[in-house]
Amino acid sequence: SQQGEEDPQALSIQEGENATMNCSYKTSINNLQWYRQNSGRGLVHLILIRSNEREKHSGRLRVTLDTSKKSSSLLITASRAADTASYFCATQSRTGGGNKLTFGTGTQLKVEL
Amino acid sequence: DGGITQSPKYLFRKEGQNVTLSCEQNLNHDAMYWYRQDPGQGLRLIYYSQIVNDFQKGDIAEGYSVSREKKESFPLTVTSAQKNPTAFYLCASTRAWGNTEAFFGQGTRLTVV
């Protein structure tokens with residue numbers, strides 16, 4: 001089963017608007033990460049937030065983490081057409097042999113001109 | 001340039017055949033992962049390896065096999081026991097410990113003909 005569930009599954013906005021995506025997960029984690037995937041390509045890492053952090057910024061990205069609710073959100077401000085992609089959250093947890101990285105179901109973002 | 005390379009980019013398999021997907025990294029990462037992605041879906045973990053000569057099953061290991069004889073290489077074999085192998089396969093690597101981002105290959109699209 002997948003660790004993360006993302007909401008919404010799809011999001012369509014106009015250029016310049018903000019886009020917010022949410023992620024919920026099930027078990028305890030070391031950190032939560034967000035990735036971007038352009039159609040038919042590999043994933044690219046965007047931002048990592050540790051389990052003891054509550055908010056993190058990187059350029060136009062803002063990520064929050066609420067470990068009590070087992071949820072995270074990704075905010076993309078002032079969106080651009082080039083932001084059109086799928087966005088995935090991933091949780092990293094410690095297993096007996098090291099780190100395990102588990103992905104959510106993803107949000108498809110479309111930014112229209 | 002450091003990175004992770006998957007080959008081939010496209011692969012066609014006849015019913016009943018085994019095929020092997022290649023994944024090589026020169027990032028000196030200890031941990032490597034294989035994921036399967038179906039159209040419009042998230043990533044599901046097939047196998048992962050934290051160290052040479054050791055690997056663990058992920059959520060959907062049935063019909064797949066892996067080996068980890070070298071740190072740089074983590075090939076995935078899709079066996080004839082995998083009933084629905086047509087999918088996009090992604091390989092990733094990370095450091096084994098600590099808060100660490102994943103680096104992805106560009107993927108292999110496998111189609112059963």
Side-chain angles (χ1 to χ4, degrees), chain A residues 1-10 21 23-27 29-53 56 58 63 65 85-108 110, chain B residues 3-7 9-10 23 25 27 29-61 68 71 87-111:
Chain A
S1 61
Q2 297 197 232
Q3 167 77 308
E5 297 290 332
E6 279 147 275
D7 170 58
Q9 288 188 324
M21 294 160 247
C23 169
S24 60
Y25 58 92
K26 300 173 185 174
T27 63
I29 62 172
N30 292 342
N31 65 69
L32 187 142
Q33 304 177 31
W34 285 90
Y35 289 80
R36 167 192 169 126
Q37 183 183 35
N38 287 84
S39 181
R41 306 297 297 273
L43 277 70
V44 175
H45 181 263
L46 295 176
I47 194 166
L48 180 154
I49 186 165
R50 301 182 183 195
S51 59
N52 61 354
E53 296 176 315
K56 200 161 185 179
S58 176
V63 169
L65 178 65
S86 292
Y87 292 82
F88 295 90
C89 69
T91 54
Q92 197 163 53
S93 54
R94 185 69 54 82
T95 67
N99 284 330
K100 180 180 178 183
L101 191 61
T102 309
F103 283 79
T105 53
T107 294
Q108 288 185 299
K110 183 175 181 181
Chain B
I4 182 164
T5 302
Q6 290 186 242
S7 63
K9 188 171 182 179
Y10 300 96
C23 179
Q25 54 96 1
L27 298 165
H29 284 167
D30 290 300
M32 297 186 75
Y33 306 79
W34 274 106
Y35 296 92
R36 170 182 172 138
Q37 186 177 32
D38 292 285
Q41 302 296 313
L43 279 67
R44 292 185 289 169
L45 183 63
I46 305 173
Y47 269 98
Y48 62 110
S49 168
Q50 304 293 339
I51 196 169
V52 173
N53 292 323
D54 188 40
F55 47 84
Q56 288 79 41
K57 292 182 179 180
D59 300 316
I60 55 164
R68 188 82 188 278
K71 187 176 183 177
F88 189 50
Y89 291 87
L90 287 159
C91 180
S93 70
T94 71
R95 294 198 315 267
W97 301 98
N99 293 295
T100 175
E101 67 183 269
F103 289 80
F104 278 82
Q106 289 302 302
T108 293
R109 190 167 299 280
L110 173 63
T111 303

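Letters A, B, ... are given to chains in the order of the sequence lines, protein chains preceding strands, and every chain is numbered from 1. As a basis for the values below, the full set of heavy atoms in this structure was taken, side chains included, without hydrogen atoms, waters or symmetry mates.
Here B:Phe88 pairs with nothing under the ring-ring contact (aromatic ring centres under 6.0 Å, His included) rule; sequence neighbours left out. A:Tyr35 pairs by the ring-ring contact (aromatic ring centres under 6.0 Å, His included) definition with A:His45, A:Phe103, B:Phe104, not counting sequence neighbours.
For B:Ala102, the parts lying under 4.5 angstrom from a heavy atom of chain A are both the backbone and the side chain. For A:Leu43, the parts sitting under 4.5 Å from any heavy atom of chain B are the backbone and the side chain alike. Neither the backbone nor the side chain of A:Gln9 comes within contact range of chain B; no heavy atom of the residue lies under 4.5 Å from a heavy atom of that chain.
When the candidates B:Gln6, B:Gln37, B:Arg109 are compared by the number of heavy-atom contacts under 4.5 Å with chain A, B:Gln37 comes out ahead. Most heavy-atom pairs under 4.5 Å with chain B, from the set A:Ser51, A:Gly40, A:Ala10: that is A:Gly40.
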Checklist entry - What do the steps show when you test B:Tyr35 against A:Leu101 for side-chain contact (heavy atoms from CB on, under 4.5 Å), and what is the final call? => result CA-CA 10 Å; B:Tyr35 296 92; A:Leu101 191 61; 3.5 Å; yes
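The heavy-atom pair separating B:Asn99 from A:Gln92 by the smallest distance is CA-OE1, 3.9 Å. Taking each heavy atom of A:Arg41 and B:Gln106 in turn, the nearest pair found is NE-OE1, 2.7 Å. Residues A:Lys100 and B:Tyr48 share a closest heavy-atom pair of CD-OH, 3.7 Å.
Looking at A:Gln33, its side chain does come within 3.5 Å of a backbone N or O of B:Thr100 through a donor-acceptor pair.
Annotation: the span from B:Glu101 atom CD to A:Leu46 atom CG amounts to 10.0 Å, rounded to 0.5 Å.
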